[in-house]
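Read through the structure below, which is laid out as structure tokens, and then see the notes.
One is the number of the first residue; the rest follow in order along the sequence.
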Amino acid sequence: MPESWATLGVDLHLKPTGPRLRRGLTDALREAVRSGRLAPGTRLPSSRSLAADLGIARNTVADAYADLVAEGWLTARQGSGTRVADRAVPAPPQPAPHPRAPGRPTHSLDAGTPDLAAFPRAEWLRAARRALNAAPNDALGYGDPRGRAELRTALAAYLSRARGVRADPEHIVVCSGFAHGLRLLGEVLHARGARRVAVESYGLPPHWALLERAGLRTAPLPFDAHGTRTGDLGDEGAVLLTPAHQFPMGVALRPERRAAAVDWARRTGGLVLEDDYDGEFRYDRQPVGALQDLGPDHVAYLGTASKSLAPGLRLAWLVLPPSLTPEVTRLAGSPTTGVLDQLTLAEFLASGAYDRHVRASRLRYRRRRDALVEAVAAQAPDVRVTGIAAGLHAVLQLPPGTEDSVVRAAAWQGLALMGLSRFRHTEARTDPLDALVVGYGGPSDRGWPPALEALCRVLP
């Protein structure tokens with residue numbers, strides 16, 4: 001059987017032109033090098049392989065190579081093959097370097113980011129190898145729009161054990177991040193006729209924007225020292241809550257208010273959207289369980305690996321009421337996250353590596369929060385750390401009228417810092433507070449002490 005381009009060497013796209021084949025090939029190769037399409041050091045196909053690809057005589061290719069070696073465009077060494085010469089192409093003009101952004105922060109205490117330097121690379125790699133070796137061939141196909149069964153099964157077991165979620169793998173949908181899951185739910189709610197969703201007075205504006213793009217108006221509920229006042233729910237089609245650790249205020253929703261939200265959903269046919277925001281990270285006691293356990297037929301539970309592992313994984317999940325699963329699955333259409341990452345996370349959960357990582361992270365973040373509380377008490381007695389001992393951030397309540405000046409001072413000191421006002425809904429009926437939302441999760445272990453020092457320098 002004659003050899004062909006499908007079986008020989010490496011691929012090289014060339015279009016020899018002109019009446020003389022050797023000259024046309026030489027010109028095409030020279031231009032590919034001159035233009036930079038073939039970079040210095042690139043190994044070219046053997047003369048036999050390129051001849052087979054182009055359907056020409058091998059000697060024609062060998063002669064073209066020899067011409068370009070003589071001209072200095074290519075080099076040829078025994079055992080190394082034919083390569084593009086280092087001196088063949090003048091250095092391309094370098095783009096003008098982007099000037100460093102003025103005031104680029106040296107330290108960042110932005111909320112919502114874990115310590116990415118602590119990502120368990122070795123354990124993740126071992127889980128990926130095991131998962132890929134065990135995966136059936138059909139796992140690499142298009143698959144179930146809800147996600148791989150291995151991951152949905154592992155998630156159901158973990159969420160039931162660690163978060164008290166009543167989860168059935170058949171009613172779990174894997175998403176490419178929390179925002180993706182929230183968008184799916186928003187579109188399903190709008191299709192069902194909902195036009196208004198209750199939200200918390202303080203939260204993430206991008207989440208409100210996602211709901212509004214789905215055609216849903218967001219209406220903030222009153223907020224007090226005990227959290228969101230769910231007893232004020234009315235004719236909304238749904239309510240979005242962070243009951244385990246409210247973002248950004250840092251309180252846990254009181255049991256009677258959890259029950260009130262579920263009772264409202266049962267009574268009106270509404271839907272509770274539970275954002276289990278960093279619910280695994282409680283430092284002074286066992287984490288509060290999921291609200292979903294009170295009414296699995298009326299609560300859509302949203303979880304993510306972005307805080308426990310890394311946001312770059314783009315892995316999140318919905319645990320849905322049975323009545324909602326078909327609509328969300330149809331809307332999802334096809335799997336939205338890579339199957340290998342899904343299989344790896346499934347193995348990571350099933351092997352216990354996820355539990356070990358969460359426990360180690362819990363200890364690291366607890367130490368950081370303790371250091372923050374101690375430093376603020378010692379150096380800024382007029383500032384009060386509020387909220388429960390949990391999560392990746394803390395709220396620092398400031399003297400009235402000082403939030404803007406502290407945030408500006410932090411910027412001058414090269415410290416990225418968020419004021420509480422940026423998280424307040426524009427229609428909130430809650431009195432504004434002057435405070436900082438300090439994310440202590442993001443810095444590395446080495447970067448945390450200087451970031452904390454920079455923070456203390458700007459506190460009033």
Check against side-chain contact (heavy atoms from CB on, under 4.5 Å), F223 and L433:
CA-CA 12 Å; F223 187 91; L433 294 172; over 6 Å; no

Looking only at heavy atoms, what is the nearest atom pair of [X] and [Y], with distance?
X	Y	answer
V406	P460	CG2-CD, 3.7 Å
V288	A252	CG2-CB, 4.5 Å
A305	W317	N-CH2, 3.6 Å
G401	D434	N-OD2, 3.0 Å
E274	Q292	OE1-N, 2.9 Å
A454	H107	CB-CD2, 4.2 Å

Which is it for K307 and D278 under the salt bridge (charged side-chain N to carboxylate O under 4.0 Å, His left out) test, yes or no, and what are the steps along the way?
CA-CA 6 Å; K307 305 298 181 292; D278 59 25; over 6 Å; no

Side chains of [X] and [Y]: does their closest heavy-atom pair fall under 4.5 Å?
X	Y	answer
V437	D110	no
V395	V438	no
V197	V239	no
M249	L420	yes
L271	L273	yes
W412	V458	no
L309	P120	yes
R130	N133	no

Report yes or no: do [X] and [Y] form a side-chain donor-acceptor pair below 3.5 Å?
X	Y	value
S308	H357	no
T386	Q397	no
S421	E403	yes
T242	E200	yes
S306	T304	yes
Q342	E150	no
E280	Y354	yes

Taking atom [atom1] of [X] and atom [atom2] of [Y], what is their separation to the nearest 0.5 Å?
X	Y	atom1	atom2	result
R146	T325	CZ	OG1	8.0 Å
Y440	R364	OH	CZ	13.0 Å
L398	L436	CG	CG	4.0 Å
L221	T430	CG	OG1	9.0 Å
D297	H171	CG	NE2	9.5 Å
T426	R424	OG1	CZ	9.0 Å

List for me each residue that meets side-chain hydrogen bond (donor to acceptor under 3.5 Å, both in side chains) alongside R356, sequence neighbours excluded, and say none if there are none.
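Testing R356 for side-chain hydrogen bond (donor to acceptor under 3.5 Å, both in side chains), a comparison that skips the adjacent residues, returns none.
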
With sequence neighbours excluded, tell me which residues meet side-chain hydrogen bond (donor to acceptor under 3.5 Å, both in side chains) with Q286.
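Q286: no side-chain hydrogen bond (donor to acceptor under 3.5 Å, both in side chains) contacts found.
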
Distance-only, no hydrogens or angles: does the [X] side chain make a donor-acceptor pair with backbone N or O of [Y] under 3.5 Å?
X	Y	answer
S49	P45	no
R362	F281	no
Y301	P296	no
R429	P220	yes
R152	P169	yes
H190	G186	no
T42	A39	yes
T230	R257	yes
W264	G231	no
T268	G270	yes

Does atom CZ of R446 have more than 12 heavy-atom neighbours, drawn from other residues, nucleotides or ligands, at distances under 6.0 Å?
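No, the 6.0 Å shell around CZ holds no more than 12 heavy atoms from other groups.
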
More than 12 heavy atoms of other residues, nucleotides or ligands under 6.0 Å from CZ of R192: yes or no?
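Buried by this count: over 12 neighbours within 6.0 Å.
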
Going through the distances and angles, do D232 and R229 end up as a salt bridge (charged side-chain N to carboxylate O under 4.0 Å, His left out)?
CA-CA 6 Å; D232 287 34; R229 285 164 42 185; 3.4 Å; yes

L320 and I172: CA distance, side-chain angles, deciding distance, side-chain contact (heavy atoms from CB on, under 4.5 Å) verdict
CA-CA 6 Å; L320 300 168; I172 293 178; over 6 Å; no

Decide side-chain contact (heavy atoms from CB on, under 4.5 Å) for L132 and L343; before the verdict, give the C-alpha distance in whole Å, the side-chain angles of both, and the deciding distance to 0.1 Å.
CA-CA 7 Å; L132 188 56; L343 292 171; 5.8 Å; no

Start with the C-alpha gap between R330 and E327, add the side-chain angles, then the distance that decides, and say whether salt bridge (charged side-chain N to carboxylate O under 4.0 Å, His left out) holds.
CA-CA 5 Å; R330 282 195 300 271; E327 294 168 77; 5.3 Å; no

Establish, yes or no, whether a centroid distance under 6.0 Å links the rings of Y202 and F423.
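That pair fails the under 6.0 Å test.
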
Only one of L392, L363, D445, V373 passes side-chain contact (heavy atoms from CB on, under 4.5 Å) with R368; say which it is.
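So the option named by the test is D445.
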
F247 vs H393 aromatic rings, parallel, tilted or perpendicular, using cut-offs 30° and 60°?
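F247 and H393: perpendicular rings.
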
Could you list the residues that satisfy side chain to side chain contact (heavy atoms under 4.5 Å, CB included) with D355, not counting sequence neighbours?
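Testing D355 for side chain to side chain contact (heavy atoms under 4.5 Å, CB included), a comparison that skips the adjacent residues, returns Y158, R161.
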
Go through the steps for L372 and L455 under the test side-chain contact (heavy atoms from CB on, under 4.5 Å), then give the verdict.
CA-CA 9 Å; L372 172 65; L455 170 67; 3.6 Å; yes

Do you know which of E236, E427, E212 makes side-chain hydrogen bond (donor to acceptor under 3.5 Å, both in side chains) with R217?
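Among E236, E427, E212, the one meeting side-chain hydrogen bond (donor to acceptor under 3.5 Å, both in side chains) with R217 is E427.
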
